[in-house]
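Data block below; observations after.
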Number of protein chains: 2
Amino acid sequence: MKDPIPRKTVYRLSLYNRCLEQLGFAGSGTVSSEVLSKIAGVKSPQLRKDLAYCGHVGKRGLGYDVVLLRERLAETLGTSRLPAVVLVGTGNLGSALLRYQEGFAKEGFEITAAFDARPEKRSSDISVPVLPMTELSKFVTERGVKMAILCVPGTAAQSVCNLLLENGIQAILNFAPVILQTPPGVAVNNVNLAIELENLSYFIK
Amino acid sequence: MKDPIPRKTVYRLSLYNRCLEQLGFAGSGTVSSEVLSKIAGVKSPQLRKDLAYCGHVGKRGLGYDVVLLRERLAETLGTSRLPAVVLVGTGNLGSALLRYQEGFAKEGFEITAAFDARPEKRSSDISVPVLPMTELSKFVTERGVKMAILCVPGTAAQSVCNLLLENGIQAILNFAPVILQTPPGVAVNNVNLAIELENLSYFIK
DNA sequence: CTGTGTGAAGGCTTTCACAGCC
DNA sequence: GGCTGTGAAAGCCTTCACACAG
């Protein structure tokens, strides 16, 4: 309801969106908070409270209309028009993600270009243009790209990050094992596979 | 101090470990909570409180001895002996991660084997043995593997997950875009790139 | 005087319980 | 009767402020 939707709620709204997709309802009927919350792995009051940020979208006694709910979610999240994304760093992980391109495409994202200090490393099974770093500024500013996926080595991450910010990038999905120092207003999500694994290992008996 | 370290704290302890690594101190000297917290992107009191879970490891007026701290962290997290990991699903993302193997190795993890319904897809630049799914039970139980990375399509994720749990897997790093239904006592960390991107797009002005 | 360790305060999220609408 | 929407309560985590050790 209130303007500033809590970070964690935004996260879960995306999640609910994916869960609805997964349900594969062909426009059919409604879901109850009970059912949907179970799929999403949260408690039902939480789901209801989260969805309340999208306005009164549920019907009491019935549940949530699937189609309507998805529309509202997309609207609230601003997912109707998905932003262009560039990827920087085509090493192991970077080119891996480029090969996974179709996975992103299915979810509505498209990597418009990739950049690397040594673009000739580009392998033949990658369909995205791989350009030298020197072209990054021009490309990003001309096309008004606002999001980037960062896959450079940790040692280069901060300086490449700075370069991105100078050219108007506002959100970064960071795979480099470094916490980026950024000014307020820039969104950074970190994905650190080593930490994920280490974290899991803690819970093994 | 108390036995049950909060989940989020465990997470950050791993993070601090990585930050120390990044500092690259060759056994030299100490770090203050002020400095280390800045690198890790948290506030200094938080860092101190987190580190207090490792016992009295800091020296007042001096800071934290880097070597000692790393030892204590490894001890607390149980990272001294790192567990074996298997990867399931060698599609786009799965084989991408296998190619990234050396990235894991640098952080101390090793994928001991990969499994797929069609293992012949194995490409030549992957050094990890790729075995058919039918061998999974035997491999996992015989070697006592407790951790798995799950990269199968969403439609297969839950059933493969069940198979893993039946064979004694206790922790799963899940890349499938599905929330896995698991009994308590099993740890699951989800990595969903589409959600990360969607989430970031929300914060673009 | 510097910098850790920590009780107490504060803020944010989750959970509960139930009123209200279909 | 069923299920949403939501104030109130509880819980958890973060932040603060300061005592205290080196």
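Order of the sequence lines sets the chain letters (A, B, ...), proteins ahead of strands, with each chain counted from 1.
Side-chain atoms of A:Asn199 and B:Asn189 form a donor-acceptor pair, as typed in the model, at a separation below 3.5 Å. Side-chain contact of A:Ser137 with A:Asn167: a donor-acceptor pair under 3.5 Å is present, judged by distance alone. Side chain to side chain, B:Gln158 and B:Asn162 meet the donor-acceptor criterion of an N or O pair below 3.5 Å. Neither side chain, A:Asn17 nor A:Glu21, offers a donor N or O lying under 3.5 Å from an acceptor on the other.
How far CZ of B:Arg72 is from CG of B:Leu51: 11.0 Å, rounded to the nearest 0.5 Å. Rounding to the nearest 0.5 angstrom, the gap separating the CD1 atom in B:Ile169 from the CG atom in B:Leu136 is 7.5 Å.
The phosphate of D:dG22 (OP1 or OP2) has no side-chain N or O of B:Tyr64 nearer than 4.0 angstrom. A sub-4.0 Å separation between OP1 or OP2 of C:dT6 and a side-chain N or O of B:His56 is present. At the phosphate of C:dG3, neither OP1 nor OP2 sits under 4.0 Å from any side-chain N or O atom of B:Ser33.
B:Val57 comes within contact range of the sugar-phosphate backbone alone, with a heavy-atom separation under 4.0 Å but no base atom that close.
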Contact list (N/O, under 3.5 angstrom) for nucleotides 14-16 of chain C vs protein:
| unit_1 | atom_1 | unit_2 | atom_2 | d |
| --- | --- | --- | --- | --- |
| C:dT14 | OP1 | A:Arg12 | NH1 | 2.6 |
| C:dT14 | OP2 | A:Arg12 | NH1 | 3.4 |
| C:dT14 | OP2 | A:Arg12 | NH2 | 2.7 |
| C:dT14 | OP2 | A:Gln46 | OE1 | 2.8 |
| C:dT14 | O5' | A:Gln46 | OE1 | 3.0 |
| C:dT15 | O4 | A:Lys49 | NZ | 3.1 |

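Separating the CZ atom of B:Arg7 from the P atom of D:dC12 is a distance of 14 Å, rounded to the nearest angstrom. Atom OH in A:Tyr53 sits about 11 Å away from atom P in C:dC12, given to the nearest Å. The interatomic distance linking B:Arg72 (CZ) with C:dT4 (P) rounds to 16 Å, in whole Å. The distance between atom OH of A:Tyr16 and atom P of D:dT4, rounded to the nearest whole Å, is 13 Å. Counting to the nearest Å, the P atom of D:dG5 and the CG atom of A:Leu36 are 13 Å from each other. Summarising the geometry, the separation between CD1 on A:Ile5 and C1' on C:dC12 is reported as 16 Å, rounded to the nearest angstrom. When the P atom of C:dT4 is taken as reference, atom CG of B:Asp65 falls 13 Å away, rounded to whole Å. Between the C1' atom of D:dG22 and the NZ atom of B:Lys59 lies a distance of 10 Å, rounded to the nearest Å.
The side chain of B:Arg60 lies closest to D:dA19 when the candidates are C:dC22, D:dA19, D:dT6.
Between B:Leu73 and B:Thr79 the shortest side-chain heavy-atom distance does not fall below 4.5 Å.
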